[in-house]
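Computed from a predicted structure; not experimentally measured.
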Amino acid sequence: MSFWRHRRVLVTGASGLVGSWLVKDLLRLEASVAVLVMDSDPQSELFRSGDVLRTTVFNGRLQDFSEVERAVGVSEADTVFHLAAQTLVGPARRAPLHTFESNIRGTYHVLEACRRHGEQVRRLVVASSDKAYGDQPTLPYAESMPLLGRHPYDVSKACADLLAQGYHRSYGLPVAVARCGNIYGGGDLNWSRIVPGTIRSLLHGERPVLRSDGSFVRDYIYVRDIVHAYLTLAEQMEERGVAGEGFNFGHTKPLTVLQLCTIIGRLMKRAALRPDIRGSAQGEIHSQYLSCEKASRSLGWRPRYGLEAGLKETIAWYRGYLSGRGAARGSSRAL
């Protein structure tokens, strides 16, 4: 707690899945938190929990450099977590321009704002993704591999990743990149994703719909483990071999989509509702999972939650959310 107490922190994308939980932990650790959000979404965990009332709010778009620089400068943050992005593969394929504007332009705006306020910003964590690695000949992904993103979302994350590295090499910006597996947890309202989509369908007594054939392999990690990873990375930014580097964060126990769906069904006692497998997914890499040896060796980081423990907390969150909100029924189309 002593590291974060009264430390001035800015979080972009604070109303998203990870951002909401990161803000919650920073407030618990007594940091002074500012957030940059595009919209005030009342369904976001940031707003529903009331945590936003304990932060300084900057409304703005990543694509507007003046708004980004204002948030960095006025907040006087010495630590910046850049999480804001368009995070869905499907919309990125259908509308790549919006994704590139948000994920690429938005990232270099944050990097440039932090560079211009270099006397103030002492650490910057940029959220990337395992998707930046693209389709590699061998797995698991290791940080020594090149970034080979080919589809729009993958390319956007690879570009953001390389921009961060370039700002460190050229200007000495104290930035590190977190490449994460598939993050799940309470607060994710993108129902097309496998975890929230499956849980919502099963709570409604419906068969979950899978866009893929169910054999796609992913590395699923609980949001609270990712928050711990971001905090750890920021705390150790001044240690040798951290700034300018990329680090993988995942559960390191890959599962097929069908395996994950089956586990969720068992935990919810709805195993009889077998998935409706459509096999219609496009622009998706078949198998992606991470080696986290570098994060373990250099940062001492390891996931704290087992898969079932994380899923049980997640299921409980959605059970409460959906019963309280009276959400509209309807099948979800997950990967």
Side-chain angles (χ1 to χ4, degrees), residues 1-41 44-47 49-62 65 67-85 106-107 109-128 160 164 167-168 173-178 180 183 185 187 223-239 242-245 247 249 299 301:
M1 182 178 293
S2 60
F3 181 89
W4 293 104
R5 190 176 189 186
H6 303 319
R7 188 174 295 276
R8 303 184 72 87
V9 181
L10 173 67
V11 180
T12 75
S15 60
L17 169 61
V18 181
S20 295
W21 289 98
L22 176 60
V23 168
K24 194 180 298 294
D25 262 20
L26 286 168
L27 292 173
R28 177 181 60 82
L29 295 168
E30 300 184 18
S32 176
V33 182
V35 300
L36 174 63
V37 295
M38 183 172 64
D39 300 309
S40 298
D41 181 359
S44 164
E45 179 65 16
L46 176 71
F47 290 88
S49 66
D51 288 338
V52 69
L53 301 176
R54 301 168 60 197
T55 70
T56 300
V57 179
F58 294 90
N59 290 106
R61 301 170 69 251
L62 291 174
F65 178 71
E67 293 177 352
V68 174
E69 185 177 26
R70 175 175 175 270
V72 172
V74 175
S75 70
E76 298 184 331
D78 79 347
T79 303
V80 177
F81 292 96
H82 176 45
L83 313 184
T107 296
H109 279 173
V110 171
L111 292 164
E112 177 63 13
C114 290
R115 184 191 71 83
R116 293 192 183 187
H117 294 272
E119 74 290 345
Q120 164 195 313
V121 178
R122 309 309 304 164
R123 55 194 60 79
L124 166 61
V125 174
V126 171
S128 184
Y167 263 78
H168 174 75
L173 191 69
V175 55
V177 176
C180 304
I183 305 167
V223 64
R224 288 186 170 177
D225 278 326
I226 290 301
V227 168
H228 174 221
Y230 288 162
L231 293 174
T232 300
L233 192 52
E235 289 166 9
Q236 299 191 35
M237 188 68 69
E238 295 178 353
E239 299 295 325
V242 176
E245 294 291 313
F247 292 86
F249 298 104
L299 306 174
W301 178 88

Rounded distance (nearest 0.5 Å) linking atom CZ of Arg61 with atom CG of Leu36: 11.5 Å
Parallel, tilted or perpendicular, as decided by the 30° and 60° cut-offs, for the rings of Phe249 and Trp301: perpendicular
Interatomic distance, Gln120 atom CD to Leu10 atom CG [nearest 0.5 angstrom]: 9.0 Å
Approximate separation, where rounding is to 0.5 Å, of Leu29 CG and Lys24 NZ: 13.0 Å
Set of side chain to side chain donor-acceptor pair (under 3.5 Å) partners for Ser49, sequence neighbours left out: Asp51
Qualifying residues under ring-ring contact (aromatic ring centres under 6.0 Å, His included), relative to Tyr167, sequence neighbours excluded: Tyr171
Any Val125 side-chain heavy atom under 4.5 Å of Val175 side chain: no
Flag if over 12 foreign heavy atoms under 6.0 Å of CE, Met237: yes
No-hydrogen, no-angle side-chain donor-acceptor test under 3.5 Å, Ser32 and His6: no
CD-CG distance between Glu245 and Leu299, expressed to the nearest 0.5 angstrom: 10.5 Å
Spatial distance of atom CG (Leu231) from atom CD (Gln236) [nearest 0.5 Å]: 11.5 Å
Validation row: Asn59, Ser40 side chains within 4.5 angstrom (heavy atoms): yes
Side chain proximity check, Val9 to Val80, heavy atoms < 4.5 angstrom: no
NZ/NE/NH1/NH2 to OD/OE distance under 4.0 Å, Arg123 and Glu235: no
Evaluation steps, salt bridge (charged side-chain N to carboxylate O under 4.0 Å, His left out), between Arg115 and Glu112: CA-CA 5 Å; Arg115 184 191 71 83; Glu112 177 63 13; 2.7 Å; yes
Side-chain touch Leu26/Phe81, heavy atoms, less than 4.5 angstrom: yes
Interatomic distance, Ser15 atom OG to Asp41 atom CG [nearest 0.5 angstrom]: 6.5 Å
Ring-face cation contact, Phe3 with Arg7, 6.0 Å cut, 45° max: yes
